[in-house]
Amino acid sequence: MTLSLAPDSRLRRALGSEHLAGWAFALPAVALIVIFGIVPIVWSAVMSFQANDLVSAPHWVGVANYRALLHDPAFAASVRHTLLYTVIFVPLSVAGAMLVAWALNRKLHGVRFYRLAVFVPVVTSTVATGIIFLWLLDPVFGLVNFFLSKLGIPAQGFLSNPNQALYCIVAMTIWGWLGFDVIIYLAALQGVPHELIEAAEIDGAGKWSSFRSVVLPFLRPATLFLVVWSTISALQLFDEIYVTTRGGPLGSTTVVVFYLYQQAFQFFNGGYAAAIAYVLFLAILVITIIQLKVGGRRIYSNT
Amino acid sequence: MATPTLIGADRPLDFEALPDKRPRHWPFSPWHLFLIPLSAAMLLPLVWSVITSLETSADAQRFPPVLLPSSLHFENYVHAWNSLPFGHFFLNSFLYAAATVAGNLLFCSLAAYAFARLRFFGSNLVFVLLLVTLMVPFQVVIIPTFLIVRKLGLIDSVGGLIVPNLCGVFGIFLLRQFFLSLPVQLEEAARIDGASRLAILFKIVLPLSAPVLATLAIIQFMWSWNDFLWPLIIITTPQHAPLQLGLSMFQGSHVTQWNLLMAGTVMSQIPMLAVFLFAQRWFIQSIAYTGIKQ
Amino acid sequence: MADVSFQDVTKQFAEGTLAVKGLSLAIPDGEFMILVGPSGCGKTTALRLVAGLETATSGTITIAGRAVTHLSPRDRDIAMVFQNYALYPHMSVQRNLAFGLRQRHVPRDEVERRVAAMSAMLGLDELLRRRPAQLSGGQRQRVAMGRALVREPKAFLLDEPLSNLDAKLRVQMRAELKRIHQRLNITTIYVTHDQVEAMTLGDRLAVISGGELQQVGTPQDVYEHPANVFVAHFIGSPPMNLLRATASAGRAQAGDLSVELAHVPDGPCVLGIRPESLSLMAPDDPRPSLDFDIEVVEPLGGELLAHGFVNGRLASPDASEETPLFTGDSESRAEVTVKLDGRLRLKAGERVRLAVHAGEVYAFDAASGAALIG
């Protein structure tokens, strides 16, 4: 399609301008993101003030959904489970990853194999992880109980024991996430000058303190990123719960997103679920900001 | 909430390893004492699932467990394959991943170029708006997105999986950062050479952006291939389910047949694992570059 | 091929910088025009305005008589060589050369013919299959020129094209550029801050400072008749010595130098003397003269440069309303540079008497810096 226009006509000038090209380029993406991002964000906010069963016409209920949340013991329990999970998962996975990355960051016979062993779970899907751990931790036939029996420890309920299930989820998700965190740390360790790492490697009493004072500051940005990122993912835990416990036993692993899913797509309380989503969003936002503020100051004061 | 510039995409990631310094009287590095059990623990779940998948149903349901089966029962895989439409699962996952990778590469490239190099009405405002959506967790948009997809008549179809995920803000952000780092003179030279903006993007900018495009493709592929929540919500018919949802359906129908369940699980993980082993370096570089899984 | 003109062109960037102020300049068909000035003077912006990479805030730019002020680069039929060459790193030399022609839908066999002719002319035949990364600096430079010229553009724009080459290559490429221009006779606009390039290459120079055109003319003309103190100081190497002076009754006095300058009005002025306009005074030399205390001697073979001090005060070459010429230190000793016969044996610390060549003393208005012409 060629328009024949006078070379410096006004129309041609406007058509040739960057405004038109810019919008033409951005439009498909912007349209998709508006329809499937911005509209849902606003709609969800509106919905949280409605009673909405996802089928019939919604009607306004004001802040009733939010008020109900305050007095919903199931929601309170889901918040408790989520926070407990997050508080255990985040420090364990991040600190563990730092240790593993430190161990893997050296020339060693078989280090490529070790790295592969650590990285492979990263590409294992959450569903497969859940199913495999369900089998490993099976109370009757599970391999883990077999190892325990060899050590003289009686068989455990694991995922079927309300007191153990959440910790089993922690172990399972650490297995799945460790490789990801290790990759980030290995990349960060590349930025640490070699002499500093070697200094921290020299045997003797000052090993740990030299690691802490010399190497750790270099790893601080990566640590901050991983803490923030792991916290966000932990607060959104869902897949592994759905596959293994469906929130049980006795609701002991009902986390916020699982509760949200139940409310929205099992009980069809769309408005209530939207309110839960916004509370979650707010919580993530606040926690992230606090982490960035605290962590950011730490980074700043150390450089 | 991504910080995609932890390390440069242009820098190859050869983990520059330390020399192995060990105490003089040790025959091997003490680190092996840590790394061998660690590797065993990391590999055990996968190894055990493969072993179980090759056992008979009776051997799988035995305590103490049969650690080394006396005979290998590959027919478990055939049974698993035939008991649910695994062919459809693979095909649907492939379509889902391929279409979202293609969509993201195309739409994110176009938009990222516009935001990186073209000054157009409202570009700053729109860009800020896009960044805001990046901070909102998926759970917030899931119900309205479900309603929109239902309105579009795409519920219970692969199209319903694909369409909302055709273009992510993350990809735009990632590519824009990279495009900004390219020397602008190349584009100016191409403009003088008579290239249109579209030609500049496709003939100059994108050929020079191979590393970051590969990163986006890998991340998006992993994300779509392993996606579970969104398929769970909109897909009900097994024939339309992608792999992870299919696996979950399979789990529901074979709760106690651990050997078949493991066969299905192993089978479902093989393609991704194969791609990973084949292109391990690229995967690791992509993850390190973007710091994103999920 | 075509003429290029600026008509009262002004460019102000979005953040407020006024890069080009009211530039008017006509470049006839086939001319080799040099835009020369210190870095940041607006010469590159002026070139980019012709290319269409920037759009003028006001004024008109024409190419071949056609107003192109608002056309995109592709519609202007010009070609440009960038300072860092901007070769497409993912394409072979062959494809770099052909890219512009392909974009303009030139038939394939015509593209091949023109690329072959250009590569023969520039000696690129063995390099056609290589990527830019596999080329030396000089080869890249040739490819960049070839890529521009192969399109047979109306005008050929070069932005400091030799600045990334080493000294020897730069001299070679300078000669080559001149040869190419003589052969193709294409209208060429060449931006440089190097006044040697400016003097040796150009048919004419346009000296630019602070976004404003200072003077246009042939290199010889600009050198011999600088329009103002800036041009006088900028063109010529080493630069012209500038001394504060006072004129009265047709004579100007600077330190112990007194010259007859009938056309200079009474009051303060600036005297300019080129290093080559001074020589050792013979015993009965009638010319005006001054004492010179040698500090450093730099033998150059045929000539030598002597740096030292004379009585008097320096004047600044930057004339503007805020910084008049008579600013800076008020020392009564002024540092000057003199170009003398290389056979002289001069020593640091020596005091010699220098004579000024008759008719080679320039005078400038102390306020505006404009040349005072007799």
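Quick caveat, the model's predicted, so the values are computed rather than measured. In what follows, chains are A, B, ... by sequence order, proteins preceding strands, each numbered from 1.
Residues Ser125(A) and Gln244(B) have side chains that bring a donor and an acceptor to within less than 3.5 angstrom of each other.
Taken to the nearest 0.5 Å, the CG atom of Leu104(A) stands 7.5 Å off from the OG atom of Ser39(B). Between the CG atom of Asn226(B) and the OG1 atom of Thr124(A) there is a distance of 8.0 Å, given to the nearest 0.5 Å.
Within the 4.5 Å cutoff, the side chain of Phe276(B) has no heavy atoms near those of the Val122(A) side chain. Residues Ile172(B) and Ile33(A) form a side-chain contact, since some pair of their non-hydrogen atoms from C-beta on lies under 4.5 Å apart. Trp102(A) is listed as a side-chain neighbour of Trp31(B), based on a closest heavy-atom distance under 4.5 Å. Using a 4.5 Å cut-off on side-chain heavy atoms (C-beta onward), Ile284(B) and Arg115(A) make no contact.
With chain B as the partner, the residue from Ala277(A), Gly37(A), Ala273(A), Ala103(A) showing the most heavy-atom pairs under 4.5 Å is Ala103(A). Per-residue heavy-atom pair counts under 4.5 Å with chain B were compared for Val118(A), Leu54(A), Val257(A), and the maximum is reached by Leu54(A). When each of Gly252(B), Ala60(B), Ala41(B) is scored by its heavy-atom pairs under 4.5 Å with chain A, the top score falls to Ala60(B). In terms of heavy-atom pairs under 4.5 Å with chain A, the best-connected choice from Ile148(B), Thr145(B), Thr133(B) is Ile148(B). Per-residue heavy-atom pair counts under 4.5 Å with chain A were compared for Phe283(B), Phe34(B), Tyr113(B), and the maximum is reached by Phe34(B). Contact count versus chain A (heavy atoms, under 4.5 Å) is highest, among Pro164(B), Ala111(B), Ser49(B), for Pro164(B). The residue among Leu67(B), Leu243(B), Leu43(B), Leu232(B) with the most heavy atom pairs within less than 4.5 Å of chain A is Leu232(B). The candidate with the highest count of non-hydrogen atom pairs below 4.5 Å against chain A, out of Pro65(B), Ala114(B), Cys108(B), is Pro65(B).
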TODO: Run the numbers on Leu143(A) and Leu44(B) for side chain to side chain contact (heavy atoms under 4.5 Å, CB included), then give the verdict.
DONE: CA-CA 10 Å; Leu143(A) 194 61; Leu44(B) 181 79; 4.0 Å; yes
Open item on the list: Please evaluate residues Arg197(B) and Glu18(A) with respect to the criterion salt bridge (Lys or Arg N to Asp or Glu O under 4.0 Å), reporting the C-alpha separation (whole Å), side-chain torsions for both, the decisive distance (0.1 Å), and the verdict.
Closed with: CA-CA 9 Å; Arg197(B) 286 290 182 181; Glu18(A) 295 191 342; 2.9 Å; yes
- [ ] Tell me, with the steps shown, if Leu35(B) and Leu108(A) meet side chain to side chain contact (heavy atoms under 4.5 Å, CB included).
- [x] CA-CA 10 Å; Leu35(B) 289 169; Leu108(A) 213 56; 3.5 Å; yes
Task: Trace of the side-chain hydrogen bond (donor to acceptor under 3.5 Å, both in side chains) decision for Trp135(A) with Thr52(B) - done: CA-CA 9 Å; Trp135(A) 173 225; Thr52(B) 307; 2.8 Å; yes
Task: Check against side chain to side chain contact (heavy atoms under 4.5 Å, CB included), Ile233(B) and Tyr261(A) - done: CA-CA 9 Å; Ile233(B) 285 162; Tyr261(A) 167 80; 4.1 Å; yes
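Residue Leu32(A) touches chain B through its side chain alone, counting heavy-atom pairs closer than 4.5 Å. Contacts of Val163(B) with chain A are made by both backbone and side-chain atoms, with heavy-atom separations under 4.5 Å. For Gln280(B), the part sitting under 4.5 Å from any heavy atom of chain A is the side chain, from C-beta outward, and nothing else. Only the side chain of Leu178(A) comes within less than 4.5 Å of a heavy atom in chain B; its backbone stays farther off. Proximity to chain A (any heavy atom under 4.5 Å) is shown, for Ile270(B), by neither the backbone nor the side chain. Only the side chain of Leu277(B) comes within less than 4.5 Å of a heavy atom of chain A; its backbone N, CA, C and O stay farther away. With a 4.5 angstrom heavy-atom cutoff, Val120(A) touches chain B via backbone and side-chain atoms both. Both the backbone and the side chain of Leu134(A) have a heavy atom closer than 4.5 Å to some heavy atom of chain B. When heavy atoms are compared at a cutoff of 4.5 Å, Leu38(B) approaches chain A solely by way of its side chain, counted from C-beta outward. Heavy-atom distances place the side chain of Asp138(A), and not its backbone, under 4.5 Å from chain B. For Arg117(B), the part lying under 4.5 angstrom from a heavy atom of chain A is the backbone only. For Leu201(B), the part lying under 4.5 angstrom from a heavy atom of chain A is the side chain only. Contacts of Phe238(A) with chain B are made by side-chain atoms alone, with heavy-atom separations under 4.5 Å and no backbone atom involved. Of the atoms belonging to Val100(A), heavy atoms from both backbone and side chain fall under 4.5 Å from chain B. Contacts between Ile41(A) and chain B at a heavy-atom distance below 4.5 Å involve backbone atoms as well as side-chain atoms. If you measure heavy-atom distances from Leu189(A) to chain B, you find no contacts under 4.5 Å at all.
Val30(A) and Val126(B) get closest at one heavy-atom pair: CG2-CG1, 3.8 Å. The two atoms that bring Gln251(B) and Val243(A) nearest to each other are NE2-O, 2.9 Å, heavy atoms only. When every heavy atom of Ala128(A) is checked against every heavy atom of Thr265(B), the shortest pair comes out as CB-CG2, 3.6 Å. The minimum heavy-atom distance between Leu118(B) and Ala21(A), with the atom names listed, is CD1-C, 3.9 Å. Nearest approach of Met135(B) to Leu285(A), heavy atoms of both residues: CE-CD1, 3.9 Å. Nearest approach of Met222(B) to Val123(A), heavy atoms of both residues: SD-CG1, 3.8 Å.
Side chain of Ser44(A) to backbone of Val140(B): a donor-acceptor contact under 3.5 angstrom is found. When atom types are taken as modelled, the side chain of Trp23(A) and the backbone of Ser123(B) share no donor-acceptor pair closer than 3.5 angstrom. A distance-only check finds a donor-acceptor pair linking the side chain of Trp175(A) to the backbone of Met42(B) [under 3.5 Å]. The backbone N or O of Leu260(A) sits nowhere less than 3.5 Å from a side-chain atom of Gln139(B) that would complete a donor-acceptor pair.
Between Phe228(B) and Tyr242(A), a ring centre-to-centre spacing shorter than 6.0 Å is recorded. Outside the 6.0 Å centre-distance limit, the rings of Phe25(A) and Phe120(B) are not counted as a close aromatic pair.
The neighbour count for Asn124(B) CG, taken as heavy atoms of other residues, nucleotides or ligands under 6.0 Å away, does not exceed 12.
Of the options Phe36(A), Phe268(A), Trp43(A), Phe265(A), a ring-ring contact (aromatic ring centres under 6.0 Å, His included) to Phe146(B) is made by Phe265(A) and by none of the others.
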